[in-house]
Structure formats: structure tokens, C-alpha cells
Amino acid sequence: MHDVIVIGAGVAGLECARGLSKAGADVLVVDRADKPGGRCATRSFGGQPADYGPLFIHGRDVRFIAAVEQAAEGDCLPDWPLRRLGRGSPCQPDAYAPNEKRMALRGGINAFPRALAAGLPLKLNTQIVSIARTRGGMSVSSATGERLEGRNLVLAMALEQTMPFVAALEDAEGRDGILALLRLFISLPCLTVIAGYPRGAPVPDFDIQYPEEDHALMLLCNESSKRPGSPQVVMTYQAAPRWSRERMEMPKDQWARELVAAAARRLGSWADSPEWTHAHRWRYSRLDRANELAGPLEMRVGDSRVGIAGDLFSPGGGIQAAWLSGGKLAERLSQEPSKLDL
Ligand SMILES: Cc1cc2nc3c(=O)[nH]c(=O)nc-3n(C[C@H](O)[C@H](O)[C@H](O)COP(=O)(O)OP(=O)(O)OC[C@H]3O[C@@H](n4cnc5c(N)ncnc54)[C@H](O)[C@@H]3O)c2cc1C
């Protein structure tokens, strides 16, 4: 029986688990993926990292920026992206607001959650399919039938992944109100392709391009520009929400080909023939514009407490909001030690 089980090892769940651990709780973080980080995703190709979720970190909360800089240990590329082309929309409306700090991580954005996860008990490759109240607290069951027990529970997944678990807590105080509130918000899909080009391919003269009138592409990112001297040109192409939604259930090869062709129309014919590609389907990439709540939510279920954190639960959305909401939830849950039974 753990004090708290955190479902979701993204930035929100990890920061929450860190706060709870510091307060003396016995915490277990569970995630269905084989590594922590959630949407802060990086993949390595021949030793060269490439980001395919968020492409850089931005924020203005000094504690958040300090946490990223500390986690990245000199790996930060401050002010990236410097060379921005086009007047299309960035992923997060605030990304280029005045006073917003921006940085890329040379080792890839996943270095941030990886650092947050250091020293935390993680149970990976464990997809949670149901949660239920038990006599002593809460039980959490995995797709393989394993049962984990916790006195308290934190849900730290994408909004749409969180809602079925909230709905399952029939005797949770305030459940219907919370569900009604959560149903007001929506996450956007994003189809993404990472493309590697042969040596000698032209190097684009931008870090990020946001096309204005392109129904397919939301952005083109020159990943190699984060890593001067990288052996090959690597690009990440991210599709616009509507285009992504229309193709979400189509075979990956089909939309990946279309997205590369759309990029080639902007970059030149060389971009139409990558040496390799990796396509990823983000069903829930980020929240729609201006979707945000002021803080994390909490429900009582018998003697247990169930907290909800994530990018929805702090102003501004995105990674900063995920981190802030996780920290705030940990603070709140630790404020009443008797209830947490620490
Ligand atoms: C393409 C893309 C572009 C983005 N651009 C930006 C940007 O420019 N700026 C910005 O700030 N943010 C951006 N974001 C959003 C940002 O990545 C997220 O807001 C943030 O990472 C969310 O963190 P989180 O911890 O709330 O959720 P997540 O990172 O989604 O973590 C949730 C975790 O829960 C796990 N999980 C889900 N269901 C289960 C289950 N049933 N059982 C066990 N584990 C489960 C998942 O595997 C995941 O690891 C972007 C995201 C994407 C995908």
C-alpha cells in the first residue's frame, strides 16, 4: 500500500511525485510507456536526438525556468528558436509573448522529464485500465491484471485520458461537477513526421517555420539547428489540427507521405526524398487555445484523495502549466498530512 499512486509519468505527474516524495510520502509513478516524459518526446536516430512533441521549452515562471536549466545541466540552447520564419500560429499562443523565455535542449526535450524522474520509483510499461475504491484506499488495475494499492491517487494524463477514470469514481464527492467542467475542454490532434536527409542536403536557413496558409502543415522545424555539427539534416514536420483529425485513422504511411510532400512544396524538391522517416500520431497533443484552469483539482473518495494535474490545470497551458500544476497538487496534498496519512 503506497501513500500515493501517480498515474502518468509526464512532466505533471513527475513534478507532483517529486513534491510528494520530498514531503515524505511513499509514492509510486506508473506509466504505460517504456520511458518517462509523456508528450515531451525525443527519439534518437543514429545517436542524433530529434524532438517530435514540443520542440522547445518556453515559459515565464522563474521557478519553472530554473528547474529546466538545472535539469538540463548546461545542455540548454537559450533563445532557440532564433530564426523564425512565417506568421502562422505556434503550438502555444504564449510561446512568443514578451517576457517569455525560450530554449531548446541539445540532448532533446525528454532530458527535462528524465531529470525530474531521477530517483523516483517508476513502474513503466504498465497501462492502467481501471481504478476503484477499496476498504483501505484506492486500487489501480493494469491491462495485464496487476493490482496496485494506494491510499491516495493522482491522475496526471492528457485530459481525455483522465476523464474515464474520473467517471469511474461513482462515489467521489463533486465528481459530476468536475466531469461537467472537464467536458468543456478539448485537446487537439497532431500528426508528426521526423525526416532525415542524406549528407549534402541543403540546410534550411530557419530554426522554425510557421506557414500562414497551409492546410496541412502547422510548422516545419529544423532539428539539426539545435545541434550544430550534426551529421545529417533532420527535420520535424507537424500537421495542423484539422488536417490531423481528418487523417487520424488512416495508415501512417499515407499521411506521412502527404506531409513530407507538403514540406517539399515549401522547402524544395530535395525535401521530398528523405533517407528515413518516423511518423507519430498524437491523438491528444495539446489543449485548444485558451483552455486553462487556475489550478489542479481534487476529489474525496471515502478517506482517500484523488488529485488531477496536467497541462489544463494552470494558466498558459503546455509544459510550464503541467509542471506548475504537478507542483501545486503535491503542495496541496501534503498540506494535510493526516488525510494523506504520511
Ligand atoms: C506535437 C506537440 C507539440 C507541442 N507543443 C508545445 C509547445 O510548443 N509548448 C508547450 O508548452 N507545450 C507543447 N506541447 C504540449 C506539452 O507537451 C504538454 O502540455 C505537456 O507535455 C503535458 O504534460 P502532462 O504531464 O500533463 O501530460 P503527458 O506528457 O501526456 O503525460 C501523461 C502520461 O500519462 C501516460 N498515460 C496515459 N494514459 C495512461 C494509462 N491509462 N496508464 C498509464 N499511463 C498512462 C502517458 O504515457 C504519459 O506519459 C506540445 C505537445 C505535442 C504533442
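Worth saying up front: this structure is predicted, and the values here are computed from it rather than measured. Every number for a ligand or one of its atoms is a count from 1 in the order of the listing.
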* Would you mind telling me if ligand 1 is within reach of the side chain of Ala156, the backbone, both or neither, using heavy atoms under 4.0 Å? => backbone
Using a strict 4.0 Å cut-off to heavy atoms of [X], name the atoms of ligand 1 that fall inside it.
| X | answer |
| --- | --- |
| Gln127 | 42 (N) |
| Cys40 | 21 (O) |
| Gly318 | 10 (C), 11 (O), 12 (N), 19 (O) |
| Gly37 | 29 (O) |
| Gly310 | 26 (O) |
| Gln161 | 37 (C), 38 (N) |

Identify the protein heavy atom lying closest to [atom], giving its residue, its atom name and the separation to 0.1 Å.
| atom | value |
| --- | --- |
| atom 9 (N) of ligand 1 | His58 NE2, 2.8 Å |
| atom 8 (O) of ligand 1 | Cys91 CB, 3.5 Å |
| atom 15 (C) of ligand 1 | Ser285 O, 3.7 Å |
| atom 25 (O) of ligand 1 | Ala12 N, 2.9 Å |
| atom 34 (O) of ligand 1 | Gly8 CA, 3.3 Å |
| atom 11 (O) of ligand 1 | Ile319 N, 2.9 Å |
| atom 35 (C) of ligand 1 | Asp31 OD2, 3.2 Å |
| atom 41 (N) of ligand 1 | Ile128 O, 3.0 Å |

Donor-acceptor side-chain pairing of [X] and [Y] below 3.5 angstrom:
| X | Y | result |
| --- | --- | --- |
| Ser225 | Trp80 | yes |
| Ser304 | Asn152 | no |
| Ser187 | Glu160 | yes |
| Gln232 | Trp276 | yes |

* **Cation-aromatic face contact Arg84/Tyr210, 6.0 Å, 45 degrees** => no
* To do: Please say whether the positively charged group of Arg247, taken as NZ for Lys or CZ for Arg, lies over the ring of Trp243, i.e. under 6.0 angstrom from the six-membered ring centre and within 45 degrees of the axis.
  => yes
* Heavy-atom contact under 4.0 Å between Thr126 and ligand 1? -> yes
* Asked: If you measure from each heavy atom of Pro36 to ligand 1, is any distance below 4.0 Å?
  -> no
What do you reckon, does [X] have a nitrogen or oxygen under 3.5 Å from a nitrogen or oxygen of ligand 1?
| X | answer |
| --- | --- |
| Pro54 | no |
| Asp311 | yes |
| Val11 | yes |
| Arg32 | yes |

Tell me whether [X] is salt-bridged to [Y], with the criterion being a basic N under 4.0 Å from an acidic carboxylate O.
| X | Y | answer |
| --- | --- | --- |
| Glu173 | Arg300 | no |
| Arg133 | Glu170 | no |
| Lys328 | Glu331 | no |
| Asp272 | Arg257 | yes |

* Just going by heavy-atom distances, which of Arg102, Arg39, Met157 is nearest to atom 29 (O) of ligand 1? -> Arg39
* Structure fact -> When Lys226, Arg43, Arg106, Arg39 are each screened for salt bridge (charged side-chain N to carboxylate O under 4.0 Å, His left out) with Asp51, the one that passes is Lys226
* Donor-acceptor pair, Asp3 side chain versus Ala25 backbone, under 3.5 Å? -> no
* To do: Using the six-membered ring wherever Trp is involved, compare the ring planes of His278 and Phe45 and label them parallel, tilted or perpendicular (cut-offs 30° and 60°).
  => tilted
